[in-house]
Amino acid sequence: MSVIRLENAPSVIGYAAVVGRREHEGPLSDDFDLHDEKEKFGMDTWEKAESEMQRLALNLALAKAKLTGKELGAIFAGDLMNQCIGSSYAAECSHRPFFGLYGACSTFAEGSVLGSLLVDRGVFSKCAVLASSHFCTAERQFRYPLEYGGQRTPTSQRTATAAGAFILSAQGAGPYVREVLPGTIVDMGITDINNMGAAMAPAAYDTLTKYFEETGKKPEDFDLILTGDLGKEGHGIICDFMKNAGYDMSGVYNDCGLMLYSAATQDMHAGGSGCGCSASVMAGHIMKRFEKGTVRDVLYIATGALMSPASLQQGRSIPGIAHLVRISAERGGE
Amino acid sequence: MKIDKETYKKYAKSRAPSSPLLKDMLFAFLVGGAICAFAEGIYNFYLYIKIEEDTVRTLVPVTIVFLASLTTGLGVFDNLAKFAGAGTLVPITGFSNAVISPALDDKSEGLVMGVGAKMFTIAGPVIVYGVISSVIYGVLYWLCGVIL
Amino acid sequence: MSLFWDIVKAFLVGGAICAVVQIFIDKTALTPARILVCLVTLGVILGAVGVYKPFIDFAGCGASTPLTGFGATLAEGVRKAVDERGLIGALTGGLTGSAGGITAAIFFGYFFALIFRSKPRD
């Protein structure tokens, strides 16, 4: 069995999302806790701004959970920058055990898998999961300088300026992390950095079908199936593939990359991407919906495109990964 | 999933929407043409104010480079280039933008290894290949002169 | 009246070169840096075989402003230098001919980089 059931189902007791200007202008603007019009969060470099954004998300989530940083058993955090500096600097003043993760856009789910497993098994009673991305730091690292005059193809995705935080606890009133399914690397040979949706969709398909096969569940058993950052292309591909495999996801399926921006009024091509995209959609929008009771059982599958600037220049294909986290309002039952 | 890499790559490529070629070409034509027409205008203006033609030949690209650097610094260039594509890339404006844009970004890494070194990450190859091909031509030209 | 036609010619020729290159941007996976390298190299070759000079005489800045013109300037500089100084001109001519454009790009680039800051794109 690849699906891991969490018998003690850790509860998400605190959550927060901090975003930039364009994310705030998008359709989910009311669900975010904080935003900065200048996207610098009072800092002088974009790298510092990203760390600050992550730190703010952690503090807001802690405040909502009525905790202080000292009560955290550990912090699981990641971002897109070289050597994960965004997260390291953000966690610096918390003085808590720290695990830096790299899972590209899947980081928030990767952290949630690890954090909830360790809380479930009683290693920690509480831990924090953090992920962030910043358009400006990601452009500098993976693409072109900010003021460079280039054109983007219709399949390209925009790295979201956003950070999300979960506080997981052994005790709490929910929602609960009931099941997790850590993803495996799936590489179908896509080399185009401007079509990450196509590079990641096979990984999401792999994880989703594995989950449905092992649990015997069907897409309609859930209120929402949410992939992280497949964008327009990946969304279309996964719908095609799932239909061919006999799973009809229409009506319950959406993608964080498509939800973060408005396709009609914002020129974001295939949608959003980056660690912060699904982190902020989950820790902002989805958690608010749990609060309101409009969703009760959600499958969150965050996908990551695990390339580096060097692997791209060497013409290597983009390895994809997809981690699954099932979050429910109830702790037990099916 | 019973699909091999080659089939998947073809499938992904076939379903991906392509760039709107005709629209892109039209914008490239209009903007690129306008930049060249502007250059021609100031060329004639410099001649009109009695600057020597040899100097004007250098002065015109210098003026265009100046304006491209300025608009890049002001944050206008990239927003125009998004529509213009080759229209701003192909004239010497593209070269100029390629020099200044990394310099602007990498100021945070200092004036030497940031601005000084990163200026050439995109534009460097242009100078390298331009110089190398000109040297090859120079040697061939010299050989032709010696032999003939 | 001849000024008007000069400008129209520059517009049409320069625009046409850009439109053709746009096809390569949209239809191939060539990165902008590769395209610029190709244009410069093409310019040197066309300048070397003597096609580019008459082209500039016809289209003026429509032919000299695109990066192919930059390549042609390199080629012309080299030819002039080899004529005057012999083989050593192959090393000195290219950059001499294109010194103005390159130095301006470096100088203004550095200067404006000190003044301005980059902003996130819309």
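- Ranked by non-hydrogen atom pairs under 4.5 Å with chain C, the options B:Asn97, B:Leu140, B:Ile92, B:Ile132 are led by B:Ile92.
- Of the residues considered (C:Ala16, C:Gly94, C:Ala48), C:Ala48 shows the highest number of contacts with chain B, using heavy-atom pairs under 4.5 Å.
- Around CZ of C:Arg34, the count of heavy atoms belonging to other residues, nucleotides or ligands within 6.0 Å does not exceed 12.
- In terms of heavy-atom pairs under 4.5 angstrom with chain C, the leader among B:Leu143, B:Ile64, B:Asp78 is B:Asp78.
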side-chain contact (heavy atoms from CB on, under 4.5 Å) between C:Thr68 and B:Val90, intermediate numbers included: CA-CA 8 Å; C:Thr68 39; B:Val90 174; 5.8 Å; no
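- The shortest side-chain heavy-atom distance between B:Val62 and C:Phe108 falls under the 4.5 Å cut-off.
- Smallest separation of non-hydrogen atoms from C:Gly100 and B:Thr58: CA-CG2, 3.7 Å.
- Looking at C:Lys27, only its side chain comes within 4.5 Å of chain B, counting heavy atoms on both sides.
- Neither the backbone nor the side chain of C:Ala63 comes within contact range of chain B; no heavy atoms are under 4.5 Å apart.
- Of the residues considered (C:Leu12, C:Val8, C:Leu91), C:Leu12 shows the highest number of contacts with chain B, using heavy-atom pairs under 4.5 Å.
- Listed here is the closest heavy atom pair of C:Gly109 and B:Ala103: O-CB, 4.5 Å.
- Taking both residues in full, the closest heavy atoms of B:Val65 and C:Ala104 are given as CG1-C, 3.7 Å, listed atom of the first, atom of the second, then distance.
- Side-chain contact check for B:Phe95 versus C:Leu67: some heavy-atom pair is nearer than 4.5 Å.
- The shortest heavy-atom contact between B:Cys36 and C:Gly14 is SG-CA, 3.5 Å.
- Between the side chain of B:Lys107 and the backbone N or O of C:Ala113 there is at least one donor-acceptor pair closer than 3.5 Å.
- Taken to the nearest 0.5 Å, the OG atom of B:Ser133 stands 7.0 Å off from the CD1 atom of C:Ile45.
- Only the side chain of B:Phe120 comes within contact range of chain C, with heavy atoms under 4.5 Å apart.
- You'll find the ring centres of B:Phe29 and C:Phe11 inside the 6.0 Å limit.
- For B:Pro20, the part sitting under 4.5 Å from any heavy atom of chain C is the backbone (N, CA, C, O) and nothing else.
- Contact tally against chain C (heavy-atom pairs below 4.5 Å) for B:Leu70, B:Leu59, B:Asp106, B:Asn79: the top residue is B:Leu70.
- With chain B as partner, the option from C:Ala75, C:Gly101, C:Gly97 having the largest number of non-hydrogen pairs under 4.5 angstrom is C:Ala75.
- Looking at B:Val99, only its side chain comes within 4.5 Å of chain C, counting heavy atoms on both sides.
- The 12-atom threshold is not exceeded at CZ of C:Arg117, counting heavy atoms of other residues, nucleotides or ligands nearer than 6.0 Å.
- Closest non-hydrogen pair, B:Gly138 versus C:Val82, comes out as O-CG2, 3.9 Å.
- Other residues, nucleotides and ligands contribute more than 12 heavy atoms inside 6.0 Å of the OH atom of B:Tyr46.
- Rounded to the nearest 0.5 Å, atoms CG (B:Leu89) and CD (C:Gln22) are 9.0 Å apart.
- Contacts between B:Ala84 and chain C at a heavy-atom distance below 4.5 Å involve the backbone alone (N, CA, C, O).
- With hydrogens and angles disregarded, a donor-acceptor distance shorter than 3.5 Å links the side chain of B:Glu40 to the backbone of C:Cys61.
- Separation of the B:Phe66 and C:Phe107 ring centroids does not fall under the 6.0 Å cut-off.
- The candidate with the highest count of non-hydrogen atom pairs below 4.5 Å against chain C, out of B:Ile122, B:Val139, B:Leu74, B:Ile136, is B:Leu74.
- By number of non-hydrogen pairs under 4.5 angstrom with chain C, the leading residue of B:Gly33, B:Ser134, B:Gly85 is B:Gly33.
- Remark: of the listed residues C:Leu87, C:Ile88, C:Val78, C:Leu87 is the sole one forming a side-chain contact (heavy atoms from CB on, under 4.5 Å) with B:Trp142.
- Note: B:Gly87 leads B:Ser96, B:Gly87, B:Pro61 in heavy-atom pairs under 4.5 Å with chain C.
- Looking at every heavy atom in both residues, B:Asp105 comes nearest to C:Ser118 through OD1-OG, 2.7 Å.
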Could you give me the CA-CA distance, side-chain angles and deciding distance for C:Tyr110 and B:Val115, then say whether side-chain contact (heavy atoms from CB on, under 4.5 Å) is met? CA-CA 7 Å; C:Tyr110 188 87; B:Val115 178; 3.5 Å; yes
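- With a 4.5 Å cut-off on non-hydrogen atoms, C:Leu95 touches chain B through its side chain but not through its backbone.
- At a 4.5 Å heavy-atom cutoff, the contact between C:Leu36 and chain B is made by backbone and side-chain atoms alike.
- Heavy atoms from other residues, nucleotides or ligands lying under 6.0 Å from CZ of C:Phe112 number more than 12.
- For C:Val44, the part sitting under 4.5 Å from any heavy atom of chain B is the side chain, from C-beta outward, and nothing else.
- The shortest side-chain heavy-atom distance between B:Asp24 and C:Ile25 does not fall under the 4.5 Å cut-off.
- Side-chain atoms of B:Tyr43 and C:Asp6 form no donor-acceptor pair, as typed in the model, at a separation below 3.5 Å.
- Other residues, nucleotides and ligands contribute only 12 or fewer heavy atoms inside 6.0 Å of the CZ atom of C:Phe24.
- Using a 4.5 Å heavy-atom cutoff, the side chains of B:Pro91 and C:Cys18 are in contact.
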Apply side-chain contact (heavy atoms from CB on, under 4.5 Å) to the pair C:Val40 and B:Tyr129, showing each step before the final yes or no. CA-CA 7 Å; C:Val40 162; B:Tyr129 282 90; 5.6 Å; no
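- For chain B, the option among C:Asp83, C:Val13, C:Thr73, C:Ile102 with the highest count of heavy-atom pairs below 4.5 Å is C:Asp83.
- Of the inter-residue distances, the one linking B:Ser69 atom OG with C:Ile106 atom CD1 reads 11.0 Å to the nearest 0.5 angstrom.
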